[in-house]
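From a predicted model like this one, the values you see are computed outputs, not experimental measurements. The basis for the numbers below is simple: all heavy atoms, side chains too, and nothing from hydrogens, waters or symmetry mates.
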Amino acid sequence: MALGSKDDDAWLYTISSKSKLIDLNFKEIWRYRDLLLLLVKRDIVTVYKQTILGPLWYIIQPLFTSVIFTLIFNNLGNISTGGIPPFLFNLAGITAWNYFNNCLTGTSDTFKKNENIFGKVYFPRVIMPMSVTISNLLKFFIQLGIFTGFYIFYLSTGSALSVNMNLLLFPIYMLMMAMLGLGLGMILSSMTTKYRDMTVVVGFGVNLLMYMSAVPYPLSEARTKFPEWVAKFVEYNPLTQIIEGFRFMLLNTGTFSWFGLGYTLLLSIIIFLIGIVIFNKTEKTFIDTV
């Protein structure tokens, strides 16, 4: 096509600094689906490529964390798990938390980590954080498989375990974890382009957030043992609702409310959209500040 043609529809791509406030161009992302799949494969292969135990870290990390939580919070702290084996209780919470955590930390330095690529070639920038979120699904399902194995073991030993109809909500809980992790990750990634010490804050903040999201204890314990304002923060933390809902549908223990599910889903969508707005705004000028 000639350079001066007025027929804009004939162009395959239009690269412009002007874009909508909320711009998630699915048509363009679909055109770059091969790149997305390539990045997903890269994330899966390279993370543990030069490690001693390799993908075994997918299994070791949640198991060791569950053992530590069981020893400290249940054996030493006498925290009740409502008749559920403490190790299995902790493994369920850690499995859900790890997916959110991996999505958040994996996308929180997108601009900084990929500045050389972003400065040389064009492609939809949002593909990078999306690839991290998708590739972490493999780790999540591996850890979910480990949880299922221990679930069957405890069930065979006579433990009173059961799932409930809320298991049908499993895709919604996965979607909420992905949107929260991706949305917050894009916001933090945009902030780290100007404030490098945000990477330190992210590491510290995520660890603190885990303990404020009812991962190593049930929500009922927070309500009875925490100061009222802390208990309210934990209760209305959307991650607490996800962790509690995850345990409720798999172990039939804990608390569940449709209100909690509804506002968590709404908040996840809002944070995701805010993340897109800030991410799209930052990608126009990040190369000058990163």
Side-chain angles (χ1 to χ4, degrees), residues 43-44 47-48 53 55-74 79 81-107 132-155 159 161-164 166-182 184-185 206-207 209-219 221 234 237-256 260-261 264 268:
D43 292 339
I44 294 173
V47 170
Y48 297 108
L53 297 178
L56 286 178
W57 285 114
Y58 289 163
I59 302 172
I60 294 173
Q61 188 270 338
L63 292 181
F64 270 70
T65 307
S66 298
V67 170
I68 296 300
F69 279 5
T70 301
L71 292 175
I72 295 177
F73 291 96
N74 304 116
I79 291 180
T81 57
I84 303 298
F87 175 81
L88 194 64
F89 177 90
N90 290 319
L91 187 59
I94 290 167
T95 299
W97 168 260
N98 277 347
Y99 181 57
F100 163 79
N101 180 32
N102 291 330
C103 291
L104 173 60
T105 56
T107 58
V132 174
T133 304
I134 295 173
S135 63
N136 280 322
L137 283 173
L138 174 64
K139 184 186 298 185
F140 173 70
F141 281 114
I142 290 175
Q143 295 180 357
L144 188 63
I146 299 301
F147 169 82
T148 304
F150 278 98
Y151 187 97
I152 295 172
F153 168 77
Y154 280 108
L155 196 64
S159 297
L161 300 173
S162 64
V163 297
N164 53 53
N166 279 32
L167 192 61
L168 297 174
L169 299 174
F170 182 80
I172 296 179
Y173 280 101
M174 281 186 55
L175 180 63
M176 290 191 296
M177 287 187 286
M179 287 194 297
L180 276 176
L182 183 57
L184 289 174
V206 168
N207 289 330
L209 183 61
M210 180 181 68
Y211 293 103
M212 299 301 290
S213 302
V215 177
Y217 54 85
L219 179 58
E221 291 287 313
V234 173
N237 179 351
L239 291 171
T240 299
Q241 296 295 325
I242 292 175
I243 300 296
E244 281 285 301
F246 196 78
R247 287 191 182 120
F248 184 79
M249 66 180 173
L250 294 178
L251 301 173
N252 206 20
T253 187
T255 58
F256 170 80
L261 176 65
T264 301
S268 300

Trainee: Let me confirm one number: the CG-CG distance from Leu155 to Leu161, rounded to the nearest 0.5 Å.
Mentor: 5.5 Å

Trainee: Are any of the side-chain heavy atoms of Cys103 and Leu182 separated by less than 4.5 Å?
Mentor: no

Trainee: Work out which heavy atom in Ile242 is nearest to a heavy atom in Met176; give both atom names and the distance.
Mentor: CD1-CB, 3.9 Å

Trainee: For the residue pair Phe89 and Pro218, establish whether any side-chain heavy-atom pair is separated by less than 4.5 Å.
Mentor: yes

Trainee: Side-chain contact, heavy-atom cut-off 4.5 Å: Phe73 with Thr81?
Mentor: no

Trainee: Output the distance between atom CD1 (Ile172) and atom CE (Met249), rounded to the nearest 0.5 Å.
Mentor: 10.0 Å

Trainee: What I'd like to find out is whether the side chain of Ser268 reaches to under 4.5 Å of the side chain of Thr264, using heavy atoms alone.
Mentor: yes

Trainee: Return the CZ to CG distance between Phe170 and Leu175, rounded to the nearest 0.5 Å.
Mentor: 12.0 Å

Trainee: Looking at CG of Leu239 and CZ of Phe246, how far apart are the two atoms once the value is rounded to the nearest 0.5 Å?
Mentor: 13.5 Å

Trainee: Kindly indicate whether the side chain of Phe87, heavy atoms from C-beta on, has any atom under 4.5 Å from the side chain of Phe69.
Mentor: no

Trainee: Identify the two heavy atoms, one from Ile243 and one from Gly93, that lie closest to each other, and give their separation to 0.1 Å.
Mentor: CD1-O, 3.7 Å

Trainee: Determine yes or no for a side-chain-to-main-chain donor-acceptor pair under 3.5 angstrom, with Asn164 supplying the side chain and Phe248 the backbone.
Mentor: yes

Trainee: Where do Ser213 and Trp97 come nearest, in terms of heavy atoms and distance?
Mentor: OG-CZ3, 4.1 Å

Trainee: Residues in ring-ring contact (aromatic ring centres under 6.0 Å, His included) with Tyr154, at least two apart?
Mentor: none

Trainee: Do you know the tightest heavy-atom contact between Thr133 and Ala178?
Mentor: CG2-CB, 3.8 Å

Trainee: Does Val234 offer a backbone N or O that forms a donor-acceptor pair with the side chain of Thr240 under 3.5 Å?
Mentor: yes

Trainee: Looking at Ser66 and Ile94, what are the two nearest heavy atoms and their distance?
Mentor: OG-CD1, 3.4 Å

Trainee: Once you measure the plane-to-plane angle for Phe140 and Tyr99, does it fall in the parallel (<30°), tilted (30-60°) or perpendicular (>60°) bin?
Mentor: tilted

Trainee: Could you verify whether a donor N or O on one side chain and an acceptor N or O on the other, from Thr95 and Gln143, lie under 3.5 Å apart?
Mentor: no

Trainee: What I'd like to find out is whether the side chain of Gln61 reaches to under 4.5 Å of the side chain of Asn98, using heavy atoms alone.
Mentor: yes

Trainee: Would you call the rings of Phe150 and Phe153 parallel, tilted or perpendicular, where under 30° means parallel and over 60° means perpendicular?
Mentor: perpendicular

Trainee: Under a 3.5 Å distance rule, please check whether Asn102 uses its side chain to pair with a backbone N or O of Asn136 as donor and acceptor.
Mentor: no

Trainee: State the CG-CG distance between Leu104 and Leu184, to the nearest 0.5 angstrom.
Mentor: 6.0 Å

Trainee: Between Glu244 and Gly254 (side chain of the first, backbone of the second, donor and acceptor by atom type, cut-off under 3.5 Å), is there such a pair?
Mentor: no

Trainee: Would you give the length of the straight line joining atom CG of Leu219 to atom OG1 of Thr255, rounded to the nearest 0.5 angstrom?
Mentor: 4.5 Å

Trainee: Considering only heavy atoms from C-beta outward, does the side chain of Leu209 approach that of Asn237 to under 4.5 Å?
Mentor: yes

Trainee: Would you indicate whether the side-chain heavy atoms of Leu250 and Leu167 approach each other to under 4.5 Å?
Mentor: yes

Trainee: Counting distance only, does the side-chain N/O of Arg247 pair as donor-acceptor with the main-chain N or O of Val215 below 3.5 Å?
Mentor: yes

Trainee: Taking all non-hydrogen atoms of both residues into account, name the closest pair between Glu221 and Ile79 and its distance.
Mentor: CG-CG2, 3.8 Å

